[in-house]
Colleague: 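Just dropping this structure here.
In this chain, numbering begins with 1 at the start of the sequence shown. Since the model is a prediction, treat every value here as computed from it, not as a measurement.
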Amino acid sequence: MPAGAPWSSRWTSGSAASPQAPTPARTGWRSVAEPTGRRSLPAAPAPQGHYVPVVVHAGTAYTAGMTPRVDGRLAVCGRVGEDLNVVEARAAAGLAAGNAVAAVAEAVGGLDRVRRCLRLTVYVACRPDFTQHSMVADGASEVLRDWLGERGSVARSAVGVSSLPSGAPVEVELTVAVAD
């Protein structure tokens, strides 16, 4: 791939998570070209340990941390600002957010049961001097809005960390109000 190209060898070779551009509609979902108005989500990711992907309690769904996985495999690894640029990390955040939406939809019986997203936390594995966390997290926020419209508008935190599970560049947690 030419130098400066947005997608590099850090994305799993042959993976569907190697989008052509960092737009939410191209975050690597094989089953969906444009999420808005569609009801076909990627498969919810299987837990990578001894936990459940979503807990639903008293009308609220809480996701576990979701990383940018496709078919159970991490689609991209590395630290932002060191191994990945902001464009790559933003797309990875979108993929992770799509996994969170899929997990919630599976747990509550579909996207129609989502009343609104309440809170999104995006963890960014990055260099200590990296300061563009919000730009990375925008990739996740855009995916929520694409899938859920105004119901996907969310309060959000973007947090820089030194590492994440399995070398993931991002991890997202989502809290959602659901219909009873």
Colleague: Flag the pair Arg145 / Arg151 as yes when at least one side-chain heavy-atom distance between them is below 4.5 Å, and no otherwise.
Modeller: no

Colleague: Checking the side chain of Arg113 only, and the main-chain atoms of Ala179 only, is there a donor and an acceptor separated by less than 3.5 Å?
Modeller: yes

Colleague: The criterion is side-chain hydrogen bond (donor to acceptor under 3.5 Å, both in side chains); which residues satisfy it with Arg156, sequence neighbours excluded?
Modeller: Asp138, Ser141

Colleague: Judged by atom type as modelled, is there a donor-acceptor pair below 3.5 Å linking the side chain of Asp71 to the main-chain atoms of Arg73?
Modeller: no

Colleague: If you compare all heavy atoms of Glu88 against all heavy atoms of Asp83, which two are closest, and at what distance to 0.1 Å?
Modeller: OE1-O, 4.3 Å

Colleague: State which residues pass salt bridge (charged side-chain N to carboxylate O under 4.0 Å, His left out) with Arg79; sequence neighbours excluded, sorted by chain then number.
Modeller: Glu82

Colleague: Any idea which heavy atoms bring Glu173 and Gly65 closest together, and the distance?
Modeller: CG-CA, 3.9 Å

Colleague: Identify, with sequence neighbours excluded, every residue that meets side-chain contact (heavy atoms from CB on, under 4.5 Å) alongside Val55.
Modeller: Val52

Colleague: Apply side-chain contact (heavy atoms from CB on, under 4.5 Å) to Ala107 and list each qualifying residue two or more places apart in sequence or on a separate chain.
Modeller: Val54, Val56

Colleague: What is the minimum heavy-atom distance between Glu106 and Ala44, and which atoms define it?
Modeller: OE1-CB, 3.5 Å

Colleague: Suppose we screen for ring pair (Phe, Tyr, Trp, His ring centres under 6.0 Å). Which residues come up paired with Phe130, at least two apart in sequence or across chains?
Modeller: His133

Colleague: So which heavy atom on Gly152 is nearest to which on Leu144, and how close?
Modeller: O-CB, 3.6 Å

Colleague: Which heavy-atom pair separates Ala89 from Val80 by the least distance, and what is that distance?
Modeller: CB-CG2, 3.5 Å

Colleague: To which residues is Leu118 joined in a hydrophobic cluster, defined by side-chain heavy-atom contacts under 4.5 Å among Ile, Leu, Val, Met, Phe, Trp and Tyr, whether direct or through other members?
Modeller: none

Colleague: Please output the side-chain donor-acceptor pairs of residues 157-172 that fall under 3.5 Å, not counting sequence neighbours, one pair per line with the distance.
Modeller:
unit_1	atom_1	unit_2	atom_2	d
Ser157	OG	Arg119	NH2	2.6
Ser166	OG	Arg69	NH2	3.4

Colleague: Which heavy atom of Pro68 sits nearest a heavy atom of Val76, and at what distance?
Modeller: CG-CG1, 4.0 Å

Colleague: Just jot down the side-chain hydrogen bond (donor to acceptor under 3.5 Å, both in side chains) partners of Arg116, sequence neighbours excluded, or say none.
Modeller: none

Colleague: Got a sec, which hydrophobics cluster with Tyr62, joining ILVMFWY side chains under 4.5 Å apart, including via others?
Modeller: none

Colleague: Pick from Val122, Asn99, Leu120: which one makes a side chain to side chain contact (heavy atoms under 4.5 Å, CB included) with Leu174?
Modeller: Leu120

Colleague: Under the side-chain hydrogen bond (donor to acceptor under 3.5 Å, both in side chains) rule, collect the residues that match up with Thr63, sequence neighbours excluded.
Modeller: none

Colleague: Could you tell me if the side chain of Cys117 sits less than 4.5 Å from the side chain of Thr175, heavy atoms only?
Modeller: no

Colleague: Return the CG to CZ distance between Leu84 and Arg90, rounded to the nearest 0.5 Å.
Modeller: 14.5 Å

Colleague: Restricting to side-chain hydrogen bond (donor to acceptor under 3.5 Å, both in side chains), what partner residues turn up for Thr60, sequence neighbours left out?
Modeller: none

Colleague: Taking salt bridge (charged side-chain N to carboxylate O under 4.0 Å, His left out) as the definition, give me every residue that meets it alongside Arg127, ordered by chain and number, with sequence neighbours left out.
Modeller: Asp129

Colleague: Just verifying a value: how many Å separate Leu148 CG and Ser153 OG, rounded to the nearest 0.5 Å?
Modeller: 9.5 Å

